[in-house]
Colleague: 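Dropping a structure here in structure tokens format, bear with me for questions.
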Amino acid sequence: MYMYLSIAYPSWLHPEIFPGLPVLGIIRWYSLMYIVAFSTAFWLLKKVMHEGMLNTENFTCKEDDIFNFIATGIVFLLLGARIFSALVYDTSGIYWQKPWLIFWPFNENGQFSGLAGMSYHGGFIGGFIGMAVWCAKNKKPLFKWIDAMACALPLGYTFGRVGNFCNAELYGRITTAPWGIIFPGAEKFSKSLPWVSEFIAKCSMDIANLPNLVNLPRHPSQLYEAFFEGLVLWLIIWFLRKKKPFDGFLTSIYITGYGIFRFFIEYFREPDADIGYRIAQTADAPLYMNTSLLNISTGQILCFLMIVGGTMLGIACCLKSKKMQQTR
């Protein structure tokens, strides 16, 4: 027996809710978390509707309106998340050659495999387009409605990242922090390497009782994201919802806030092995540890664009609001 400063990933936790059972075995925690996320967003959207956020001089919002609004957004979100993941994050190129496979949920043997791979940024773009389409079709003020959605999205997003944790995926880099978790599918390292031996010593692990290939503790970056990009960002927007100075303000806070939080959390999250860094200080920079703040991942580039875009959107909406007030 040996004591060390880390936490073993729960052995009872599997991607499937009922592993090994026929039919029920295909039900996954990640899918359940999506349902909980959408239900939470709908419940919060109803709450801001009752507060009058979506009412205008000539229109009183009803529950059917927000149901259709969020349903349209969800459809476009799922389409965008899947398409973006397949075309941007997959490096095999198969989806560019055979795009119909993007939504084909079976593997080569004909077994049901689900749609593995969803991109937040793709979902964000798709959901935004869907909400814009609905608002244009129904002649509703776009940013008034998206502001309301911004009050609901982050808390729902929290459950999505919990789903990633249940899948033991998107874990972080190695760490000596006492809350580091040993994820079963993470890359293993030879304990004969000097840096690995030194790392093991810092974790108070007994090297003599360990196999040659060691699974080292990692940052639970999924939970970092769930907390900061989900719960904390939601609390900020929820607090500001009745104090917004103009339509588009909460949307700008959401886009910019998410970009900022995730940009920094990406330093703790390990990039996809097949993609690596988009910008690297050295060509052989390891992915499993942060060696430089100048090593930039795909997610950080997209988050930087969100920060810039969210800031520009806030300025544009502010100027538009002032112009409208001056013309009255």
Side-chain angles (χ1 to χ4, degrees), residues 73 76-91 95-96 102 117-133 135 142-143 145-147 149-154 156-158 160-161 164 170 172-173 221-222 224-230 232-234 236-237 240 246-272 274-281 285 287 290 292-320:
F76 277 77
L77 180 152
L78 293 175
L79 290 173
R82 179 59 188 154
I83 293 172
F84 200 88
S85 174
L87 299 183
V88 175
Y89 283 95
D90 180 82
T91 57
Y95 294 113
W96 287 97
I102 294 175
M118 303 289 275
S119 163
Y120 165 81
H121 292 96
F124 169 78
I125 294 171
F128 191 95
I129 292 174
M131 291 184 286
V133 168
C135 287
L142 175 62
F143 287 110
W145 281 74
I146 296 185
D147 273 355
M149 182 60 81
C151 295
L153 277 178
Y157 176 81
T158 301
R161 285 307 183 209
N164 291 136
L170 305 184
R173 294 182 165 99
S221 53
Q222 319 96 320
Y224 297 171
E225 292 192 61
F227 182 72
F228 288 102
E229 300 159 18
V232 173
L233 184 56
W234 174 74
I236 292 172
I237 295 174
L240 295 173
F246 52 84
D247 288 341
F249 175 75
L250 298 180
T251 303
S252 173
I253 293 294
Y254 172 73
I255 297 173
T256 306
Y258 178 92
I260 292 172
F261 279 132
R262 178 158 174 186
F263 184 90
F264 287 103
I265 291 175
E266 282 278 323
Y267 283 120
F268 299 94
R269 173 177 165 177
E270 181 171 323
D272 295 332
D274 54 344
I275 297 178
Y277 298 111
R278 294 295 184 178
I279 302 173
Q281 188 180 32
L287 301 179
N290 181 23
S292 173
L293 297 180
L294 299 180
N295 294 332
I296 304 298
S297 67
T298 302
Q300 286 176 304
I301 292 175
L302 295 172
C303 285
F304 177 76
L305 294 176
M306 289 186 72
I307 295 169
V308 174
T311 302
M312 292 177 64
L313 174 65
I315 294 173
C317 289
C318 179
L319 293 176
K320 180 180 178 180

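Everything numeric here is computed off the predicted structure, so don't read it as measured data. The figures here come from the full heavy-atom set of this structure, side chains too, leaving out hydrogens, waters and symmetry mates. Numbering starts at 1 and runs along the sequence shown.
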Colleague: List in chain and number order the residues that pass side chain to side chain donor-acceptor pair (under 3.5 Å) with T311, two or more places apart in sequence or in another chain; answer none if no residue qualifies.
Modeller: none
Colleague: Taking side chain to side chain donor-acceptor pair (under 3.5 Å) as the test, write out the residues that go with Y277, two or more places apart.
Modeller: R173
Colleague: Would you please name every residue forming a salt bridge (Lys or Arg N to Asp or Glu O under 4.0 Å) with R269, sequence neighbours left out?
Modeller: E225, E266
Colleague: Test of understanding: with side chain to side chain donor-acceptor pair (under 3.5 Å), list the residues that count as partners of N164, not counting sequence neighbours.
Modeller: R161, E169
Colleague: Hey, what do you get for CZ (F128) to CD1 (I146), rounding to the nearest 0.5 Å?
Modeller: 4.0 Å
Colleague: Side-chain contact test, heavy atoms from C-beta onward, threshold under 4.5 Å: evaluate it for L302 versus F263 and give yes or no.
Modeller: no
Colleague: With sequence neighbours left out, write down each residue that passes side chain to side chain contact (heavy atoms under 4.5 Å, CB included) with F268, or none if nothing qualifies.
Modeller: H219, Y224
Colleague: Side-chain polar contacts of residues 118-126 - donor-acceptor pairs under 3.5 angstrom, sequence neighbours left out - could you list them?
Modeller:
unit_1 : atom_1 : unit_2 : atom_2 : d
S119   : OG     : H121   : N      : 3.4
S119   : OG     : G122   : N      : 3.2
Y120   : OH     : Y254   : OH     : 2.8

Colleague: Evaluate the side-chain proximity of L287 to E270: yes if any heavy-atom separation is below 4.5 Å, no if none is.
Modeller: yes
Colleague: Tell me, please, which residues at least two apart from F304 pass side chain to side chain contact (heavy atoms under 4.5 Å, CB included).
Modeller: V308
Colleague: With sequence neighbours left out, write down each residue that passes ring-ring contact (aromatic ring centres under 6.0 Å, His included) with F228, or none if nothing qualifies.
Modeller: F261
Colleague: Roughly how far, to the nearest 0.5 Å, is the CD1 atom of I301 from the CD1 atom of I279?
Modeller: 4.5 Å
Colleague: Looking at every heavy atom in both G310 and S252, which two are closest together, and how far apart are they?
Modeller: O-OG, 2.7 Å
Colleague: State which residues pass ring-ring contact (aromatic ring centres under 6.0 Å, His included) with F84; sequence neighbours excluded, sorted by chain then number.
Modeller: none
Colleague: Using 0.5 Å steps for rounding, measure from the CG atom of L153 to the CG atom of L77.
Modeller: 8.0 Å
Colleague: Closest heavy-atom contact between C317 and D247?
Modeller: CB-O, 3.4 Å
Colleague: Checking W145 now: which residues fulfil ring-ring contact (aromatic ring centres under 6.0 Å, His included) with it, not counting sequence neighbours?
Modeller: F69, W134
Colleague: Listed by chain and number, what are the side chain to side chain contact (heavy atoms under 4.5 Å, CB included) partners of L240, not counting sequence neighbours?
Modeller: I236, F249, L250
Colleague: With rounding to the nearest 0.5 angstrom, report the CD1 to CD distance, I265 to Q300.
Modeller: 11.0 Å
Colleague: Would the distance check show the side chain of D147 and the main-chain N or O of T251 forming a donor-acceptor pair, the cut-off being under 3.5 Å?
Modeller: yes
Colleague: Mark yes or no for whether W234, through its side chain, and C151, through its backbone, hold a donor-acceptor pair below 3.5 Å.
Modeller: yes
Colleague: Can you name the side chain to side chain donor-acceptor pair (under 3.5 Å) partners of T158, sequence neighbours left out?
Modeller: none
Colleague: Measure the shortest side-chain to side-chain distance between F143 and L313 over non-hydrogen atoms and say whether it is less than 4.5 angstrom.
Modeller: yes
Colleague: Looking at CD1 of I255 and CG of L305, how far apart are the two atoms once the value is rounded to the nearest 0.5 Å?
Modeller: 12.0 Å
Colleague: Quick one, L87 and I102 - any side-chain contact, counting heavy atoms below 4.5 Å?
Modeller: yes
